[in-house]
Amino acid sequence: MTSEKSSVAADNEPKVNYRGIKAMPFVIGNETFEKLGTTGTSNNLLIYFTTVFNMRSITATTLVNVFNGTTNLATLLGAYLCDTYFGRYKTLGFACIASFLGMFLLTLTAAVPNLHPPHCKSQETGTCSGPTPWQMAFLSFALGLLVVGAGGIRPCNLAFGADQFNPKTESGKRGISSFFNWYYFTFTFAMMISLSIIVYVQSDVSWAWGLGIPAFMMFLSCVMFFIGSRIYVKIKPEGSPMTGVMQVIVAAVRKKQLTLPEQPWSSLFSHFPKSTMNSKLSYTDQFR
């Protein structure tokens, strides 16, 4: 009777229509332009703060370190919200828009004279007038949007691309392998362009153009992402893995006095819906 109910429940689950090859150009395009935008924006912030905002080196270094540290911590929160509530598609869409808005506002700080201190002609940065509280607030808001964007993009982009392929078929496995190859190829290409051409434009041409180009790249990333919305596989959130880990720990502590059955594997509950990306692990005594 239980097996019949399980089969009926499995049959009622919606069939997933994987369109990996058709979706891959949009996913790869989104990630390529996103890397061009974020890398081109973040890699030269220290020079930007000292030359345009007339910050002292120690102040600029502290701000960059706080920005990078907060960005890395935000990925933990982004991964939790993605797995528990929103899913990868909604998280990536929201994060891409937040990153674009952050880059656009950061470009305004370079292009609009009232959003940064007057140009310092002295070689000693410490003698120049620094940013006003309002200018720092505007800059901090732009950086905050970049943190929100990175917190949603970093934990989701690779997994979202892998979601577009069926991991249970040979063609799907080859597609996932091909996707990873293209991902790291475009990642390296974006790093090369950002660390050479975009940094050159920022340092030797104009900060407004140097920050505007990454913002435009991020805009193209948003466009590429949302164009493919109709063909994406959008896996629903299944809950945070940390919740399951805590449940296992609590259950292990509460039931540590129970006697194990002779064949514990026969009584294990391991239901995996068809749409899940998880795989079944066989029972083992290795860690006892």
Side-chain angles (χ1 to χ4, degrees), residues 16-43 68 71-100 146-194 214 217-218 220-229 231-242 244 272 275-279:
V16 180
N17 185 16
Y18 293 96
R19 300 180 181 179
I21 299 300
K22 293 182 179 180
M24 194 165 72
F26 301 104
V27 177
I28 292 294
N30 163 258
E31 293 173 351
T32 302
F33 287 123
E34 182 268 329
K35 287 295 182 294
L36 284 170
T38 54
T39 307
T41 299
S42 60
N43 277 320
N68 291 332
T71 299
N72 292 329
L73 290 176
T75 58
L76 299 176
L77 178 61
Y80 174 79
L81 294 176
C82 169
D83 293 337
T84 307
Y85 299 107
F86 304 116
R88 296 181 183 120
Y89 173 77
K90 292 181 179 179
T91 303
L92 272 175
F94 177 80
C96 286
I97 294 175
S99 290
F100 167 68
L146 291 178
V147 170
V148 172
I153 292 173
R154 290 185 181 183
C156 296
N157 53 4
L158 266 176
F160 182 74
D163 287 345
Q164 309 311 310
F165 301 90
N166 188 351
K168 299 179 181 179
T169 63
E170 290 299 324
S171 61
K173 294 178 181 178
R174 290 195 300 268
I176 293 175
S177 178
S178 177
F179 165 72
F180 286 145
N181 291 336
W182 277 105
Y183 174 87
Y184 287 109
F185 170 77
T186 54
F187 175 81
T188 305
F189 173 77
M191 290 288 291
M192 293 172 58
I193 297 298
S194 300
M217 294 294 104
M218 196 64 224
L220 294 180
S221 175
C222 295
V223 172
M224 290 293 294
F225 179 77
F226 288 110
I227 284 179
S229 295
I231 64 175
Y232 291 148
V233 173
K234 305 168 185 175
I235 296 179
K236 296 180 180 180
E238 301 175 355
S240 173
M242 294 305 299
F272 292 96
S275 61
T276 185
M277 294 290 293
N278 297 326
S279 58

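Computed from a predicted model, the values in this text were never measured in an experiment. Values below: all heavy atoms of this structure, side chains included; hydrogens, waters and symmetry mates excluded.
Atom CG of Asp83 is separated from atom OG1 of Thr91 by 8.5 Å, given to the nearest 0.5 angstrom. Between atom CE of residue Met217 and atom OG1 of residue Thr39 there is a gap of 12.5 Å, rounded to the nearest 0.5 Å. The structure places CZ of Arg88 at 9.5 Å from CG of Leu92, a figure rounded to the nearest 0.5 Å. With values rounded to the nearest 0.5 angstrom, Leu76 atom CG is found 6.0 Å from Leu73 atom CG.
The cationic atom of Lys234 (NZ for Lys, CZ for Arg) lies less than 6.0 Å from the six-membered ring centre of Tyr89 and within 45° of the ring axis.
Closest non-hydrogen pair, Ile231 versus Gln164, comes out as O-OE1, 4.3 Å. Between Pro155 and Ala150, the shortest heavy-atom distance links the atoms CD-O, 4.0 Å. Cys82 and Cys156 get closest at one heavy-atom pair: SG-SG, 3.4 Å.
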Under 3.5 Å, which donor-acceptor pairs link side chains of residues 173-184 to any protein atom two or more places apart or in another chain?
residue : atom : partner : partner atom : Å
Asn181  : ND2  : Ser177  : O            : 3.3

For residues 24-34, which side-chain donor-acceptor pairs fall under 3.5 Å, sequence neighbours excluded?
residue : atom : partner : partner atom : Å
Asn30   : ND2  : Ser221  : O            : 3.0
Asn30   : ND2  : Ser221  : OG           : 2.8
Thr32   : OG1  : Ile28   : O            : 2.7
Glu34   : OE2  : Thr38   : OG1          : 3.4

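Contact of the Ser99 side chain with the Ile153 side chain is registered, since non-hydrogen atoms from C-beta on lie closer than 4.5 Å. Put simply, the side chain of Leu146 does not reach to within 4.5 Å of the side chain of Val148, judged on heavy atoms. Between Phe86 and Phe94 there is no side-chain heavy-atom pair separated by less than 4.5 Å.
Ring planes of Phe225 and Tyr232: tilted class, angle from 30 to 60°.
Looking only at distances, a side-chain donor or acceptor of Ser229 sits under 3.5 Å from a matching main-chain atom of Phe226. In this structure, the side chain of Thr75 engages the main chain of Asn72 through a donor-acceptor pair within 3.5 Å. When atom types are taken as modelled, the side chain of Thr84 and the backbone of Leu81 share no donor-acceptor pair closer than 3.5 angstrom.
Under the rule for a side chain to side chain contact (heavy atoms under 4.5 Å, CB included), the partners of Phe100 that lie at least two apart in sequence or sit in another chain are Met218, Phe219, Cys222.
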